[in-house]
Amino acid sequence: MDGLSIEVAYALDTFYFLMCAALVMWMAAGFAMLEAGLVRAKNTVEILNKNALLYGIACTVYLLVGYNVMYPDSPISSVIPNLGFLLGEDNSAEAVLAGGDDAPYYSNMADFIFQAVFAAATMSIVSGAVAERMRLWPFLVFAVFMVGFIYPVEGYWKWGGGFLDQLGFQDFAGSVVVHMAGAAAALAAVILVGPRKGRYGKNGEVFAIPGANLPLATLGMFILWMGWFGFNGGSELKIANVEEANAVAKIFVNTNAAAAAGMVVAALFSRALFGKTDLTMTINGALAGLVSITAEPLAPSAGLAVMIGAVGGIVVVLSVLALDKCKLDDPVGAISVHGTAGIWGIFAVLLSNEDATFFGQLIGTVVTFAWMFGMSFIVLLAIKAVMGLRVSEEEELVGMDLEECGMSAYPEFAPASQPMVTPPKAPGAHSEEPLASDNPLTAK
Amino acid sequence: MDGLSIEVAYALDTFYFLMCAALVMWMAAGFAMLEAGLVRAKNTVEILNKNALLYGIACTVYLLVGYNVMYPDSPISSVIPNLGFLLGEDNSAEAVLAGGDDAPYYSNMADFIFQAVFAAATMSIVSGAVAERMRLWPFLVFAVFMVGFIYPVEGYWKWGGGFLDQLGFQDFAGSVVVHMAGAAAALAAVILVGPRKGRYGKNGEVFAIPGANLPLATLGMFILWMGWFGFNGGSELKIANVEEANAVAKIFVNTNAAAAAGMVVAALFSRALFGKTDLTMTINGALAGLVSITAEPLAPSAGLAVMIGAVGGIVVVLSVLALDKCKLDDPVGAISVHGTAGIWGIFAVLLSNEDATFFGQLIGTVVTFAWMFGMSFIVLLAIKAVMGLRVSEEEELVGMDLEECGMSAYPEFAPASQPMVTPPKAPGAHSEEPLASDNPLTAK
Amino acid sequence: MDGLSIEVAYALDTFYFLMCAALVMWMAAGFAMLEAGLVRAKNTVEILNKNALLYGIACTVYLLVGYNVMYPDSPISSVIPNLGFLLGEDNSAEAVLAGGDDAPYYSNMADFIFQAVFAAATMSIVSGAVAERMRLWPFLVFAVFMVGFIYPVEGYWKWGGGFLDQLGFQDFAGSVVVHMAGAAAALAAVILVGPRKGRYGKNGEVFAIPGANLPLATLGMFILWMGWFGFNGGSELKIANVEEANAVAKIFVNTNAAAAAGMVVAALFSRALFGKTDLTMTINGALAGLVSITAEPLAPSAGLAVMIGAVGGIVVVLSVLALDKCKLDDPVGAISVHGTAGIWGIFAVLLSNEDATFFGQLIGTVVTFAWMFGMSFIVLLAIKAVMGLRVSEEEELVGMDLEECGMSAYPEFAPASQPMVTPPKAPGAHSEEPLASDNPLTAK
């Protein structure tokens, strides 16, 4: 029963892929909860709408065109992919049973959905960085271009077999191809929309703007962590033999180890820096650990994975502080988590993967950053001209939820005239000055 | 090693089924969060208790008797199933290894739990529609009859091989058998318990009663979406060969595509109708897309799945508005999402499944509706006579949590005397008049 | 193709193990949400930090040393395991294909991560019991000792093949080895840190201290329930043949049945005792049902599983009341859920598992309790001497979040001067006196 075994192997690889896709889809909920927890109550419905709708748009646009751009049947060159629409046929049993190295070993449809949820994750990174001031529909229009064109072209260059892949750029599950790519687009958007009102003082002060619901943000972190088993584990693409099964298991171990270490180290580091164990740093440390190991979750030993994650935990704290120095306002730390830690991750590949070269990693990072940042900047500039990007000052003061969505996230809870607990010294870990009681953000 | 392959295939089919069952079980949490987010704070503990306990009761009653009614060993006729209790033996290795078309290919126990969580999902639909005024234990008593008898008889008619199945009624994963069935029971309950106080004005006004916690509701949507991969994907019943693996993968793709399209279209439609992007419509659009594709998630192309979901997104918005015109108060939109979109879904089968006939779909829908609505009405009427269905006016004003459960969901948050943000024009997308400041619902 | 079948079976067993590990990892989120929902708002950030960081520390410490202590390559004796660090090589394809009873059938890495998340779960039990008054970093230092040494030694005695295993102690998935073990450590900590201020009156009153966010707590229950499919289902260790697949399916059915019964019975019992359906009893009933069946989820019929869970639901309610009589303050009921129900579960093994003896179960329980309680007590005493365990009175009054973490979980919601709903008679199911309006806990 040769054939039965081959069919069962195909089914197992397909099922593994589908379960991983479901886990990555689940990350959309993780981003939504993380961001809803870290924004103010008055902007919560809007960020929920953004996260839900960007996922819907991403899946639809990637189905219509993005998937074919990223994985073209007949690419025009190693730089220019090709156009294509919707999905083709799935594999025939005959092709599978033919065996050999070229025989398909999992469903094309499973491949599509796994790739689609990656595209959505890339876009999810952007929403957090521009939270609380970028308007809903301009953001969603950007999502169409991002998932239909900008990201797939860049994805083609590496995972579609384009020139970055040919140059030896190594990025297993997307520290750069997904995470830094999303962060580069986010950076372009952050520069174009500017910081939130009241975030930066005239004398260089950084005023903390605390998130409204930290249990939600913590839930988001756990969801993302769980989903990352699918994100990295599924990127092995195959499980149905001893070697591949061992590989997927090792990826699970390393992914978990790096996240754990990133979290603990970021918490210790923030405790040492600020005297408090800042929960947002705990959260972002875990996510930074995850991003850091994503470029190479297979080759390192578990001990090395701990170190890679730990460094990611340091990197993200420093990056959050540095971005605020530059007045780049990123309410959830998305650029630091996905961008800075992503760059660390891509070079950490050199520690364990002998096929990686410094030049290959550098060129991949630079080209990806330049493309994602530049194209995002251009597209956002065009959207700005046509629709505008940022809410009015009045709307920002009142909150986006009312104007954009006509409702409030927590309509029954009385707003605190002051934050529930008024800290005697510092209102949050990364503010340098006390939150003045006449701060317009908390005044009614 | 012929036998080994067959055993591994059996194990893979069983494991796939169990994972899908876990995902559908997870939908119970989705319903709980969705409903807890869409009711007022004062009724939140009660709706949480309802959702948790209905799941517990459904699983227990379905184990004791419902499963055997739905899948009787020796049915009395194609209309009348039979009684039976608890579970029999699982398959022997010998029977599996015997091979042939009749050989079992997955564990009976896995089948049971997959079916049990479906029964619970059917009941979950009801809780949202009667939220904020139907008493806890009468609702739970109804759950016993629903899951032990009403739903299994109807399920027998289609999935147990009864007369609806014989008439050619096509319903892959339950747009009608589960979703519209639950909505029909919900409609009976809504008619019997009546609308919430203050919901409808004397002159035909519909006053919005905003939900207390929209991040929870959004989380509920994501949970349900994730769970639906198990709901539809598991309904293929088998994965362990090339054809079946491709089928499950296609179901994942179509399920996701319909949900994405339903969500985006409902958001656009509500934006066009109301001028605001109503998050509850975003949420219900996604769920309507999911319900719409549930009757046939396999046959359509992905492009057609997008269209089916998109129409579902329109249908649900119109249905929500129409039900309010009829003064049928459904706090979470359950009847629209599961009933109206379910009916759309069952006829959408005709677009891709050649075995389906208009007559077959019609008769299945009408019979299912008549049975579920009629029997639910009778049982609820009896419960009303014995226990009463609705809380007292005073209890409704104070909130159900205190009287029924002796506790408050958010005891430390001060209630807003007005909703946190008082909209200048409309308090919510589907209210036609401003929420009067002397509305008894918001007055203290 | 003998070899292909063996490899696919190995891959399936590994994949099943990894999915179960992901589900158990997800339980960390469940504990976090459960505990964050059941503490007061002012201590929420701290408990979130505890839950997140304990998971990170547990995974790291178990990787570095705990796993090797629990499963030593060359144990010193059946009582004393051995030291060892990090992870070895995974199985070679040759060893797998060699076949025979000794051939490995799943990845060592998958085994590690499954065991690691169990260790984290054990530690998660402790955090809830000492919530709202044990300081963050002393707790986390204790986690290092717990996961690196105390738990692994005890785990070795049973699952590592040590003397308790040799004495015939039967504990399938850890009613005692994990759950009562965690509860014993929690009990030691509860005794050492003492009750929360205002919890017990001078005349034996028990004042209810309601949790701030019951939807979160309910979500936590559902997450734990879902994760338990992995916890118990994965403990079968193998799925890739007919017998094992049937076993895993039966474990799913029984786990779900016991949870459902425990939940419903606890709700009915609390309704009968207090006149209200206490949601925290609903939640703890479900968890008690899960703990009760964990010692033997395979041998019982589904009907017996219902009974075992139902008794668990009674036991947990009585235990919660009894602990308060003893002034053992356990804010989330962790000792009752995991300890008392765990003991019930371990003796319920005698109802269905013929290999179990009363003596074996007794000795396993007593030894495990003595070791976990005693060692935890000693280590905590040492930590107390060096770092202190409990926050200052002032910090307890203000809340731990500000002092420990420098932030508030819900900074924008105004605190209620009184609980949102002031009950006329009793503020919660297990308080014996009304919450005095001059109670320092609610006074501003």
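Residue numbering restarts at 1 for every chain, and letters A, B, ... go by the order of the sequence lines.
- For C:Leu12, the part sitting under 4.5 Å from any heavy atom of chain B is the side chain, from C-beta outward, and nothing else.
- When side chains are defined from C-beta on, C:Leu214 does not count as touching B:Tyr410, because their heavy atoms never get closer than 4.5 Å.
- Listed options C:Leu279, C:Asp13, C:Leu268 were ranked by heavy-atom pairs under 4.5 angstrom with chain B; first place goes to C:Leu279.
- Here the side chains of B:Met25 and C:Phe222 are in contact, with some heavy-atom distance below 4.5 Å.
- Residues C:Leu219 and B:Ile223 are in side-chain contact: their nearest non-hydrogen atoms beyond the backbone lie under 4.5 Å apart.
- With a 6.0 Å radius and a threshold of 12 heavy atoms from other residues, nucleotides or ligands, C:Tyr105 has its OH atom above the threshold.
- No donor-acceptor pair under 3.5 Å is formed between the side chain of C:Asp278 and the backbone N or O of B:Gly406.
- Only the side chain of B:Leu216 comes within contact range of chain C, with at least one heavy atom under 4.5 Å from a heavy atom of that chain.
- Of the two parts of C:Met226, the backbone and the side chain both hold a non-hydrogen atom closer than 4.5 Å to a non-hydrogen atom of chain B.
- Taking B:Ile47, B:Leu53, B:Thr14 one by one and counting their heavy-atom pairs under 4.5 Å with chain C, the maximum is reached by B:Leu53.
- Formation of a donor-acceptor pair under 3.5 Å by the B:Glu412 side chain with backbone atoms of C:Pro415 is not found in this model.
- Across all non-hydrogen atoms, the minimal contact from C:Asn241 to B:Ala11 is N-CB, 3.9 Å.
- By the 4.5 Å heavy-atom criterion applied to side chains, B:Val8 and C:Tyr10 are not counted as neighbours.
- For the options B:Val45, B:Leu23, B:Leu86, B:Asn213, heavy-atom pairs under 4.5 Å to chain C are most numerous at B:Val45.
- Nearest heavy atoms, C:Ala261 versus B:Thr60: N-OG1, 4.3 Å.
- Heavy atoms of C:Phe229 lying under 4.5 Å from chain B belong exclusively to its side chain.
- Using a 4.5 Å heavy-atom cutoff, the side chains of C:Asn256 and B:Tyr55 are in contact.
- Heavy atoms of B:Glu403 lying under 4.5 Å from chain C belong to its backbone as well as its side chain.
- Looking at C:Val306, the atoms closer than 4.5 Å to chain B (heavy atoms on both sides) all sit in the side chain, from C-beta outward.
- Neither the backbone nor the side chain of C:Trp228 comes within less than 4.5 Å of any heavy atom in chain B.
- Contact of the C:Lys250 side chain with the B:Leu87 side chain is not registered, since no non-hydrogen atoms from C-beta on lie closer than 4.5 Å.
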